[in-house]
Amino acid sequence: MRYDLVIFDNDGVLVDSEPISNRLLAGYLTELGHPTSYEESLRDYMGAAMHRVHDLVEERTGQRLPDDFDDVFHARVFAAFERELKPVAGAVEVLERLVADGVPYCVASSGSHERIRVGHRTTGLDEWFEDEWVFSSEDVGRGKPAPDLFLYAAERMGVAPERCVVVEDSPLGVRAAVAAGMDVYGFIGMTPAERLVGASQLFGDMGQLADLLE
């Protein structure tokens, strides 16, 4: 393959979690007096770390979310994951191909380490990721769209940024990858293509990714 490291986003790329988490986020914000539709949640928060939710709500309303907001939200999300979460169609096939070809890969997600682990364990993807191949926005000072997380993952994996490719499905993630000096393949499984401006290439079938990376 043309790259020395494939860096996967997690939510929406490896695990089909975005519909679940954004449905619950919109509902919880509305419940707290900040009316938010599912579509607005996708637009504003897809691919973002939790601090973006707090920052945008305070910026727009002047009100702070409750101190236990993250804990309550994650408890709801994890319970829903146990009932509903599936791997993204084609994700396992891509990982199988990378292993067969000897291409290193890792995951770099805006989600917490706990969220990543719960999602991987629920879907069976945990068998494909060693602990040292999993990176979270918790590991760096700034989440996406800052490049910090992707640069940190590349450094820890021992690969120069220009030899990395990022697989992303969110505008914030694409911006972060571009800022890191990495190629980025935009997955348009549930994101309109026009929102992934800056992606090196767009694709809509995860099962085709390995061939595209050749």
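What you see is a predicted model; the values in this text were computed from it and never measured. If you read the sequence from its start, that first residue is 1, and numbering goes on from there.
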Pair D169-T191, side-chain donor/acceptor within less than 3.5 Å: no
Ring pair (Phe, Tyr, Trp, His ring centres under 6.0 Å) filter on Y28, not counting sequence neighbours, yields F69
Nearest heavy-atom pair of G119 and V15: which atoms, and what distance? O-CG1, 4.0 Å
Could you walk me through whether V107 and V13 pass side chain to side chain contact (heavy atoms under 4.5 Å, CB included), step by step? CA-CA 10 Å; V107 60; V13 169; over 6 Å; no
Sidechain-backbone polar pair: T30 side chain, T36 backbone, donor-acceptor under 3.5 Å: yes
Please determine whether residues Y45 and M190 belong to a single hydrophobic cluster, defined as Ile, Leu, Val, Met, Phe, Trp and Tyr linked transitively by side-chain heavy-atom distances below 4.5 Å. no
Which residues pass the salt bridge (Lys or Arg N to Asp or Glu O under 4.0 Å) test with D183, sequence neighbours left out? none
Using the six-membered ring wherever Trp is involved, compare the ring planes of F81 and F78 and label them parallel, tilted or perpendicular (cut-offs 30° and 60°). tilted
Test log, rule side chain to side chain contact (heavy atoms under 4.5 Å, CB included), inputs L24 and F73: CA-CA 8 Å; L24 293 173; F73 174 63; 4.2 Å; yes
Give a yes or no answer on whether the side chain of S41 reaches the backbone of S37 with a donor-acceptor pair at less than 3.5 Å. no
Could you walk me through whether V94 and Y105 satisfy the side chain to side chain contact (heavy atoms under 4.5 Å, CB included) test, starting with their C-alpha distance in whole Å, then the side-chain angles of each, then the deciding distance to 0.1 Å, before giving a yes or no? CA-CA 11 Å; V94 171; Y105 62 87; over 6 Å; no
Looking only at heavy atoms, what is the nearest atom pair of G33 and P35, with distance? O-CD, 3.3 Å
Residues passing the salt bridge (Lys or Arg N to Asp or Glu O under 4.0 Å) test with R121, sequence neighbours excluded, are none
Inter-residue atom distance D101.CG - E96.CD, 0.5 Å rounding: 11.5 Å
Ignoring hydrogens and angles, write down the donor-acceptor pairs under 3.5 Å from the side chains of residues 193-200, residues two or more places apart or on other chains.
| from | atom 1 | to | atom 2 | distance (Å) |
| --- | --- | --- | --- | --- |
| R195 | NH2 | R43 | O | 3.2 |
| S200 | OG | V184 | N | 3.0 |
| S200 | OG | V184 | O | 3.4 |

Over all heavy atoms of both residues, which pair between I7 and A153 is shortest? Give the atoms and the distance, please. CD1-CB, 4.5 Å
Hey, does W128 have a side-chain heavy atom less than 4.5 Å from the side chain of V92? yes
So that I can tick it off, tell me whether R117 and E138 are bridged by a salt bridge, with the cut-off set at under 4.0 angstrom between side-chain N and carboxylate O. no
Could you go step by step and tell me if F150 and C164 meet the side chain to side chain contact (heavy atoms under 4.5 Å, CB included) rule? CA-CA 9 Å; F150 291 140; C164 299; over 6 Å; no
So does D139 get a backbone contact from the side chain of S136, meaning a donor-acceptor N/O pair under 3.5 Å? no
Within the structure provided, determine whether R60 and D44 are in side-chain contact (heavy-atom separation under 4.5 Å). yes
Flag yes if F8 and L5 sit in one hydrophobic cluster, no otherwise; membership is Ile, Leu, Val, Met, Phe, Trp, Tyr, and two members link when side-chain heavy atoms are under 4.5 Å apart. yes
Results of salt bridge (Lys or Arg N to Asp or Glu O under 4.0 Å) for E93 - residues two or more places apart only: none
Can you give each donor-acceptor pair under 3.5 Å made by side-chain atoms of residues 207-214, sequence neighbours left out, with the distance rounded to 0.1 Å?
| from | atom 1 | to | atom 2 | distance (Å) |
| --- | --- | --- | --- | --- |
| D211 | OD1 | R97 | NH1 | 3.1 |
| D211 | OD1 | R97 | NH2 | 3.0 |
| E214 | OE2 | R97 | NH2 | 3.0 |

S21 vs R115, side chain to side chain donor-acceptor pair (under 3.5 Å): CA-CA, chis, key distance, verdict: CA-CA 11 Å; S21 59; R115 177 181 172 129; 3.2 Å; yes
Cluster check V77, M46: I/L/V/M/F/W/Y, side chain < 4.5 angstrom: no
Under the ring pair (Phe, Tyr, Trp, His ring centres under 6.0 Å) rule, collect the residues that match up with Y38, sequence neighbours excluded. none
Under the side chain to side chain donor-acceptor pair (under 3.5 Å) test, residues paired with H120 that sit two or more places apart: N10
Mind checking what makes salt bridge (Lys or Arg N to Asp or Glu O under 4.0 Å) contact with D16, not counting sequence neighbours? none
Of the non-hydrogen atoms in H54 and D70, which two are nearest, and what is the gap between them? NE2-OD1, 2.7 Å
Are more than 12 heavy atoms, taken from residues, nucleotides or ligands other than D67, located less than 6.0 Å from that residue's CG atom? no
Please report the closest heavy-atom contact between S110 and G47, naming both atoms and the distance. OG-O, 2.7 Å
Check whether more than 12 heavy atoms from other residues, nucleotides or ligands sit under 6.0 Å from atom CZ of R64, and answer yes or no. no
I need the minimum non-hydrogen distance between G111 and S109, along with the two atoms involved. N-OG, 2.9 Å
Tell me, please, which residues at least two apart from F135 pass ring pair (Phe, Tyr, Trp, His ring centres under 6.0 Å). Y152
Do L42 and L29 share a hydrophobic cluster (ILVMFWY, side-chain heavy atoms under 4.5 Å, transitive)? no
Show me the pairs that pass salt bridge (Lys or Arg N to Asp or Glu O under 4.0 Å) and involve residues 77-88, at least two apart or across chains. R23-E84
I'd like to check R52 versus L56 (side-chain heavy atoms, cut-off strictly below 4.5 Å). Are they in contact? yes
In the structure I gave you, are the side-chain heavy atoms of L95 and F129 within less than 4.5 Å of one another anywhere? yes
Is L149 reachable from L172 through a run of I, L, V, M, F, W or Y residues, each pair having side-chain heavy atoms under 4.5 Å apart? no
Qualifying salt bridge (Lys or Arg N to Asp or Glu O under 4.0 Å) pairs, either residue in residues 141-168, two or more places apart: D4-R163, D9-K144, R142-D148, K144-E168
